Undergrad: 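Next up is a structure, given as structure tokens.
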Amino acid sequence: MENPRDLEDRSSCSSESRGTHLTSSSNSSLTLIKTNGQVYTYPDGKAGMATCEMCGMVGVRDAFYSKTKRFCSVSCSRSFSSNSKKASILARLQVHKHLTKWNRVFFFPVCFLVFQFVCCVSAVTLDMFDWGRYLGDGDVMGAPVNCFKHVPMGTSWGGISEGVRIEVPNTDSGLPLKVYWIAGIIKLAGFKALLRYEGFDSDSTRDFWLNLCVPDIHPVGWCAAGGKPLVPPQTILHRFTNWKTFLVKRLTGSKTLPPDFASKVQESMQVPFKKQMRVEVVDKTHLCRTRVALVEQVIGGRLRLVYEECEDGTDDFWCHMYSPLIHNIGWSRSIGHRFKRSDVSKKLGSLMDAPGQLFAKVKEVDQSGSWFEDGMKLEAIDPLNLSAICVATVRKVLADGYLMIGIDGSEAADGSDWFCYHSTSPSIFPAGFCEINNIELTPPRGYSTLPFRWFEYLKETKSVAAPVTLFNKDVPNHGFHPGMKLEAVDLMEPRLVCVATVTRIVHRLLRIHFDGWEDEYDQWVDCESPDLYPVGWCQLTGYQLQPPAVNMVLQKVISFLSDSVFSERKLPIAKRPVSLSGAVVTGVPRSLSGDENETPPNYPSPPTPASAAQPPSVDPQRSPNTEGGPGTHTHTHTHTHTHTHIHARTHLTVPMKRKRVGNDMQQS
């Protein structure tokens with residue numbers, strides 16, 4: 001193994017000023033092009049040029065920070081992303097030099113109004129997005145909570161199902177005090193439940209969505225125990241004269257939440273990571289190395305890490321505490337991974353290193369027999385363009401089963417864009433995986449023999465494919481299905497959690513589509529990724545949820561303006577800056593959508609191992625209203641650990657006189 005100090009020293013890449021430099025390699029006829037501190041080798045010595053849409057810098061197109069090559073650097077990408085909707089509208093409303101006088105008179109005022117409309121709509125949707133309205137009457141599926149083992153209640157959600165009764169605030173009482181009524185779960189979508197008050201029977205006009213983990217949700221019997229008033233809704237008050245008899249008949253034998261449900265929720269939301277803990281995390285500017293970072297913020301298990309050398313706290317990185325991108329201090333040295341040293345550590349000696357047991361554990365592997373070797377070919381998800389699975393090469397074998405991977409045809413000459421995957425990672429695949437599963441494989445940039453064929457490519461490059469027995473073939477019973485809604489991290493902007501949909505499933509691999517955005521921004525994600533969350537997770541933890549892109553109405557308006565004022569090529573409206581990759585990959589054809597778990601490739605069994613932005617910090621309300629009043633006395637006994645059967649003996653409070661109030665249901 002190389003000297004750790006050498007590993008650290010050679011990893012510190014120079015921070016050259018922006019610009020493009022063409023040089024000749026002394027030991028090769030290939031041309032080297034240095035841009036933004038990285039060196040790119042081109043087979044023909046030629047390269048296209050591009051202009052950054054944010055700062056206007058001209059540089060080598062393939063070295064730009066974007067899948068579509070629109071930005072020269074990470075900072076330009078992020079600056080543009082924060083204003084992408086407004087910028088895209090303005091770009092489409094640019095005035096042509098040859099507009100007629102009449103067109104100018106008509107065009108300028110309308111452009112201003114549309115821009116104002118975009119700003120208003122964007123602000124409203126960000127602050128007022130509601131999953132309940134988005135899910136509608138329950139036709140849209142939400143991924144179940146037990147699909148996400150890393151979220152609160154992820155491992156103890158099994159007993160919560162349709163038909164469970166709970167006590168919730170009654171928003172149709174007409175009373176000045178806070179009262180409750182019993183509702184049944186009609187449909188589940190993540191933490192959200194479509195509820196219907198008891199007594200409405202098949203009438204769905206008053207159904208409403210609530211997050212089951214917020215404080216105002218209680219098991220049946222909670223009102224009786226706490227002296228809270230249980231009052232039937234005003235709309236159906238006339239249907240029964242004896243509500244006590246009605247509830248006894250309706251609730252006997254039904255299920256409710258366990259008595260300790262609320263305490264379990266709070267307990268499961270505890271996070272072991274604390275502020276100012278030190279960790280090793282991937283360097284977002286050079287994926288080949290790690291750096292020391294400090295935990296600056298913790299929200300629902302997601303960590304905002306600030307690199308140790310940063311003095312103003314702006315050089316940060318978001319990830320989940322179980323992300324494979326973070327490790328305990330000393331991890332890089334132990335496996336031979338590149339590491340950027342920092343002298344700041346000497347000044348901050350009082351800080352605590354995060355204990356090793358807090359990090360995600362990887363499966364132990366046996367590297368003594370047949371194992372990965374440098375130069376072996378495989379297929380891998382490009383971490384800089386997560387919509388693409390690319391032809392890749394094992395560049396270096398590290399200790400403990402870790403591999404340094406490079407994307408063929410897009411590598412920097414100094415290896416600064418290599419990335420580390422564990423050998424059991426679900427993001428690497430044997431040669432032929434994409435062909436077997438009808439996934440578009442991205443060939444090496446500049447490779448002219450199309451369509452790509454692995455046999456021909458291995459022969460041309462005089463290389464061998466990594467044996468299929470070395471790859472992880474475990475496919476858990478994850479429970480996802482195409483069409484399910486969820487909340488997912490945009491891994492190209494990891495501070496953002498967005499409304500998303502599962503559009504395709506290939507074994508344990510999920511194709512995640514961000515609602516309102518084009519398919520080219522989809523991302524391949526593992527079914528057990530800590531960057532996926534159930535519907536309602538952001539509300540529960542206080543993390544800001546990014547709503548779907550507002551482009552349906554705007555696209556019609558702008559299309560009308562474009563057709564009316566001048567004829568030009570239509571530009572997409574919902575664009576986001578993504579990726580560092582040089583390849584542009586189209587989305588998966590819709591004819592291939594669907595659950596393909598039933599057609600796994602015939603891989604041999606593996607060898608047996610030796611030994612087996614800134615999100616808001618607004619917290620949801622935690623305490624229910626404690627106004628007193630006559631209540632309900634309900635006797636229950638626990639049937640299982642996850643739910644309770646109800647034997648109802650109920651005393652009701654029925655108001656004799658009411659003051660009519662609006663019929664709008666409050667939604668959490």
Side-chain angles (χ1 to χ4, degrees), residues 67 74 77-78 81-82 84 126 129 131 142-143 145 147-152 154 190-191 271 273 279 281-282 284 287 293 295-305 316-326 359-360 381-388 419 425-427 478 480 484-503 508-517 519-549 574 576-580 613-617:
K67 180 176 131 182
V74 178
S77 171
R78 291 188 170 179
S81 178
S82 63
S84 58
L126 186 63
F129 175 77
W131 264 116
V145 173
C147 291
F148 311 87
K149 306 303 181 185
H150 56 282
V151 304
F191 289 116
V271 178
F273 279 88
V279 301
V281 63
V282 65
K284 63 183 180 182
L287 298 184
V295 177
E296 181 64 26
Q297 192 174 4
V298 182
I299 304 179
R302 287 187 59 75
L303 311 177
R304 177 176 172 255
L305 305 173
D316 60 358
F317 183 82
W318 280 92
C319 66
H320 193 272
M321 61 182 179
Y322 296 143
S323 169
L325 300 178
I326 63 171
F359 298 87
I381 297 177
D382 185 351
L384 305 179
N385 178 15
L386 293 164
S387 66
F419 48 92
S425 169
S427 298
H478 48 69
F480 288 101
M484 283 183 169
K485 298 290 183 182
L486 69 165
E487 299 173 4
V489 175
D490 179 358
L491 294 171
M492 293 294 96
E493 282 285 354
R495 62 187 174 86
L496 303 180
V497 177
C498 311
V499 174
T501 306
V502 177
T503 57
R508 64 180 299 149
L509 204 58
L510 309 181
R511 183 80 171 181
I512 301 299
H513 174 76
F514 297 102
D515 290 15
W517 301 103
D519 293 347
E520 64 181 286
Y521 299 113
D522 291 0
Q523 297 178 0
W524 287 109
V525 181
D526 182 59
C527 64
E528 294 182 345
S529 169
D531 296 307
L532 301 178
Y533 308 100
V535 169
W537 177 87
C538 282
Q539 178 194 6
L540 176 62
T541 60
Y543 205 98
Q544 180 173 293
L545 177 65
Q546 302 297 315
R576 294 180 298 170
V578 295
S579 90
L580 295 164
Q614 300 294 334
S617 57

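It should be emphasised that the depicted structure is a prediction, and the values quoted were computed from it without experimental measurement. By convention here, the first residue in the shown sequence is residue 1.
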Undergrad: Side-chain contact test, heavy atoms from C-beta onward, threshold under 4.5 Å: evaluate it for Pro152 versus Trp537 and give yes or no.
TA: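 Of all side-chain heavy-atom pairs linking Trp537 with Pro152, at least one is under 4.5 Å.
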Undergrad: Are side-chain heavy atoms of Val271 and Met321 found at a separation under 4.5 Å?
TA: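 The answer is yes; the side chains approach within 4.5 Å.
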Undergrad: Distance-only, no hydrogens or angles: does the Thr541 side chain make a donor-acceptor pair with backbone N or O of Ile299 under 3.5 Å?
TA: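 Between the backbone of Ile299 and the side chain of Thr541 there is no qualifying donor-acceptor contact (under 3.5 Å).
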Undergrad: My understanding is that only residues two or more places apart in sequence, or in another chain, count here; which of them pass side chain to side chain contact (heavy atoms under 4.5 Å, CB included) with Val282?
TA: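 Only Leu287, Phe317, Leu325 meet the side chain to side chain contact (heavy atoms under 4.5 Å, CB included) criterion with Val282.
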Undergrad: Assess the pair Phe273 and Tyr322: is the distance between their ring centroids shorter than 6.0 Å?
TA: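 Centroid separation for Phe273 and Tyr322: 6.0 Å or greater.
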Undergrad: Kindly indicate whether the side chain of Val525, heavy atoms from C-beta on, has any atom under 4.5 Å from the side chain of Leu386.
TA: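 Of all side-chain heavy-atom pairs linking Leu386 with Val525, none is under 4.5 Å.
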Undergrad: Does the pair Leu491 and Asp531 meet the rule for a side-chain contact (heavy atoms from CB on, under 4.5 Å), with working shown?
TA: CA-CA 8 Å; Leu491 294 171; Asp531 296 307; 3.4 Å; yes
Undergrad: Distance check, rounded to the nearest 0.5 Å: Leu510 atom CG versus His478 atom NE2?
TA: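 That separation rounds to 6.0 Å.
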Undergrad: Heavy atoms only: give me the nearest Pro547-Val499 pair and the separation to one decimal.
TA: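 Reported closest heavy-atom pair: CA-CG2, 4.2 Å.
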Undergrad: On a heavy-atom basis, which atom in Cys147 and which in Phe480 lie closest, and how many Å separate them?
TA: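 Scanning both residues, the minimum pair turns out to be CB-CZ, 3.7 Å.
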Undergrad: Any side-chain heavy-atom pair from Ile381 and Leu509 closer than 4.5 angstrom?
TA: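 A side-chain contact exists here, since the closest heavy-atom pair is under 4.5 Å.
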Undergrad: side-chain contact (heavy atoms from CB on, under 4.5 Å), that's the test. Do Arg302 and Val489 meet it? Break it down for me.
TA: CA-CA 10 Å; Arg302 287 187 59 75; Val489 175; 3.2 Å; yes
Undergrad: Run Gln523 and Phe514 through side-chain contact (heavy atoms from CB on, under 4.5 Å) and show every step you take.
TA: CA-CA 9 Å; Gln523 297 178 0; Phe514 297 102; 3.6 Å; yes
Undergrad: Given the rule in the side-chain contact (heavy atoms from CB on, under 4.5 Å) test, do Thr501 and Ile512 qualify, once you have shown the distances and angles that lead to the verdict?
TA: CA-CA 6 Å; Thr501 306; Ile512 301 299; over 6 Å; no
Undergrad: Could you check whether the rings of Trp131 and Phe129 sit parallel, tilted or perpendicular, using 30° and 60° as the cut-offs?
TA: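 Rings of Trp131 and Phe129: perpendicular, as their planes differ by over 60°.
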Undergrad: Per the salt bridge (charged side-chain N to carboxylate O under 4.0 Å, His left out) rule, what does the pair list look like for residues 532-545, sequence neighbours excluded?
TA: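 Qualifying pairs, neighbours excluded: none.
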Undergrad: So, the side chain of His513 versus the backbone of Trp517: is there a donor-acceptor pair under 3.5 Å, distance only?
TA: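 Present.
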Undergrad: Look at the side chain of His150 and the backbone N and O of Leu532, then say whether any donor-acceptor pair between them is shorter than 3.5 Å.
TA: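 Checked: pair present.
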Undergrad: Quick one: SG on Cys319 to NZ on Lys284, what's the gap to the nearest 0.5 Å?
TA: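 Those atoms lie 11.5 Å apart.
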Undergrad: What are the two closest non-hydrogen atoms of Arg511 and Asp519, and how far apart are they?
TA: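 Answer, listing the atom of Arg511 first, then Asp519: NH2-O, 3.9 Å.
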Undergrad: Would you say the side-chain atoms of Glu487 pair up with the backbone N or O of Cys538, donor to acceptor, closer than 3.5 Å?
TA: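 Side chain of Glu487 to backbone of Cys538, a donor-acceptor pair under 3.5 Å: yes, one is there.
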Undergrad: Would you give the length of the straight line joining atom OG of Ser323 to atom CG of Leu303, rounded to the nearest 0.5 angstrom?
TA: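 CG of Leu303 is found 9.0 Å from OG of Ser323.
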Undergrad: Could you tell me the separation between the CZ atom of Phe419 and the CG atom of Leu384, rounded to the nearest 0.5 Å?
TA: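 The CG atom of Leu384 is 7.5 Å from CZ of Phe419, to the nearest 0.5 Å.
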Undergrad: Over all heavy atoms of both residues, which pair between Ala388 and Trp524 is shortest? Give the atoms and the distance, please.
TA: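 For Ala388 versus Trp524, the nearest heavy atoms are N-CD1, 4.4 Å.
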Undergrad: If you compare all heavy atoms of Pro534 against all heavy atoms of Ala143, which two are closest, and at what distance to 0.1 Å?
TA: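 Closest approach of Pro534 to Ala143, heavy atoms only: CB-O, 4.3 Å.
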Undergrad: Using a strict 4.0 Å threshold on nitrogen-to-oxygen distance, state whether Lys149 and Glu528 make a salt bridge.
TA: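 Not counted as a salt bridge, because no side-chain N and carboxylate O are separated by less than 4.0 Å.
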Undergrad: Which atom pair, heavy atoms only, marks the closest approach of Leu545 to Cys498?
TA: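 Taking every non-hydrogen atom into account, CD1-C, 3.8 Å.
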